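Reminder, nothing fancy here: chain letters follow the sequence lines and each chain counts from 1. Keep in mind the model is a prediction, meaning the values are calculated, not measured.
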2 protein chains.
Amino acid sequence: MDNSTATTVFESLSSGVRLDIVRLLIKTGHQGLVAGEIATTLGLPATNLSFHLKALTQATLVSVTQEGRFQRYRANLAIMQELIVYLTEECCSGHPEQCFEKPLAAADCCDTNPSLSSTQTD
Amino acid sequence: MDNSTATTVFESLSSGVRLDIVRLLIKTGHQGLVAGEIATTLGLPATNLSFHLKALTQATLVSVTQEGRFQRYRANLAIMQELIVYLTEECCSGHPEQCFEKPLAAADCCDTNPSLSSTQTD
DNA sequence: ACAATACTTCAACTATAATTGAAATATTAA
DNA sequence: TTAATATTTCAATTATAGTTGAAGTATTGT
């Protein structure tokens, strides 16, 4: 991931609304959600949601597929992983010795570790 | 890291200027840089830099200490690590089975692995 | 064909962020 | 103590982002 892509991704996630959308879509995984379901879940007017979904789609953080008159949105997990790699590289750049003094916990991510998910606020 | 903190951090890094500042300060590590050095390196007017440094400081992405009439800024690596953990948790939430299909590379970060740093664009 | 549904686009508006030069503050050097 | 240096704050301006209702497009159900 290059710096301008990273900026675009950060920009996308800098809106509370868009972060909520991405987190919601990550939770629904491959199934994703159609626009109306997102609107209902997050209590957003359709036009406002559409605005943010367009931004997220252009930033490739979500993908869309048409299903009849519905538009199904899915989170792009790959780019989240790339973002994690990017941040890890940046944190280490030139200073590996002070990088990750405490354990990263990334490796623990997929374990059944309730203490990780319980740190979330909503 | 809670969601509103994450939003604040993303907001901070969503500006190309601020991302440049943080990346520069990460490179200089514990030594950090005084404001004037940052301004010279990035070619920014002092007042504009000060604006962004204030935002970064309030978001706790950088810290300041006074040295006579200089202000020395340093990156807060700990919050970058927390951000990585936050993203990892979010990516995994509810879907550990599809989390990190490809290797994360986070663990390789501090190894002498030139292929990682060579992916950066500037 | 026609009405209903799902969603997007458009245009207008409001809100927030970024940039700038001038003035202010604080520290140091002469 | 006066001048120079380092940085911040302020006020004004410009630029960009977010929100909304109305209208438009496309698909489906009757």
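Between B:Glu82 and B:Tyr86 the shortest side-chain heavy-atom distance does not fall below 4.5 Å. In this structure, the side chains of A:Leu83 and A:Leu13 come closer than 4.5 Å at one or more pairs of heavy atoms. Side chains of A:Lys27 and A:Leu33 form no contact here, defined as non-hydrogen atoms less than 4.5 Å apart. Side-chain contact check for B:Ile21 versus B:Leu61: every heavy-atom pair is 4.5 Å or farther apart. Between A:Ile84 and B:Thr88, the closest side-chain pair of non-hydrogen atoms falls below 4.5 Å. Here the side chains of B:Glu37 and B:Thr40 are not in contact, with every heavy-atom distance at 4.5 Å or above.
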Encode nucleotides 24-30 of chain D as B, S and - characters from 5' to 3', where the letter depends on protein heavy atoms closer than 4.0 Å: B to the base, S only to sugar-phosphate, - to neither.
---BSS-

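A:Ser12 pairs with exactly one of A:Leu56, A:Val22, A:Thr7, A:Val62 by the side-chain contact (heavy atoms from CB on, under 4.5 Å) rule, that one being A:Leu56.
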Please tabulate, one pair per line, all N/O donor-acceptor pairs under 3.5 Å involving side-chain atoms of residues 71-80 of chain B, not counting sequence neighbours.
| from | atom 1 | to | atom 2 | distance (Å) |
| --- | --- | --- | --- | --- |
| B:Arg72 | NE | B:Glu67 | OE1 | 3.2 |
| B:Arg72 | NE | B:Glu67 | OE2 | 2.8 |
| B:Arg72 | NH1 | B:Gln31 | O | 2.8 |
| B:Arg72 | NH2 | B:Glu67 | OE1 | 3.4 |
| B:Arg74 | NE | B:His30 | O | 2.4 |
| B:Arg74 | NH1 | B:Thr65 | OG1 | 3.2 |
| B:Asn76 | OD1 | B:Ala78 | N | 3.1 |
| B:Asn76 | OD1 | B:Ile79 | N | 3.4 |
| B:Asn76 | ND2 | B:Thr60 | O | 2.8 |

Return a table of donor-acceptor pairs under 3.5 angstrom between the side chains of residues 45-53 of chain B and protein atoms on other chains or two or more places apart.
| from | atom 1 | to | atom 2 | distance (Å) |
| --- | --- | --- | --- | --- |
| B:Asn48 | OD1 | B:His52 | NE2 | 3.3 |
| B:His52 | ND1 | B:Arg18 | NH1 | 3.0 |

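Using a 4.0 Å heavy-atom distance criterion, A:Ala35 is classed as a sugar-phosphate-only contact.
Its side chain within the 4.5 Å cluster rule, B:Phe70 clusters with B:Val34 among the Ile, Leu, Val, Met, Phe, Trp and Tyr residues.
When DNA chain C is scanned in the 5' to 3' direction for atoms under 4.0 Å from non-hydrogen atoms of chain B, the outermost contacting nucleotides are C:dA18 to C:dA29.
Regarding B:Leu49, its CG atom lies at a distance of 14 Å from the C1' atom of D:dT9, rounded to whole Å.
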Mind listing the N/O atom pairs, protein and nucleotides 15-20 of chain D, below 3.5 Å?
| from | atom 1 | to | atom 2 | distance (Å) |
| --- | --- | --- | --- | --- |
| D:dG18 | OP1 | A:Arg18 | NH1 | 3.3 |
| D:dG18 | OP1 | A:Arg18 | NH2 | 3.2 |
| D:dG18 | OP2 | A:Arg18 | NH1 | 3.2 |
| D:dT19 | OP2 | A:Asn48 | OD1 | 3.1 |
| D:dT19 | OP2 | A:Asn48 | ND2 | 3.3 |
| D:dT19 | OP2 | A:His52 | NE2 | 2.7 |

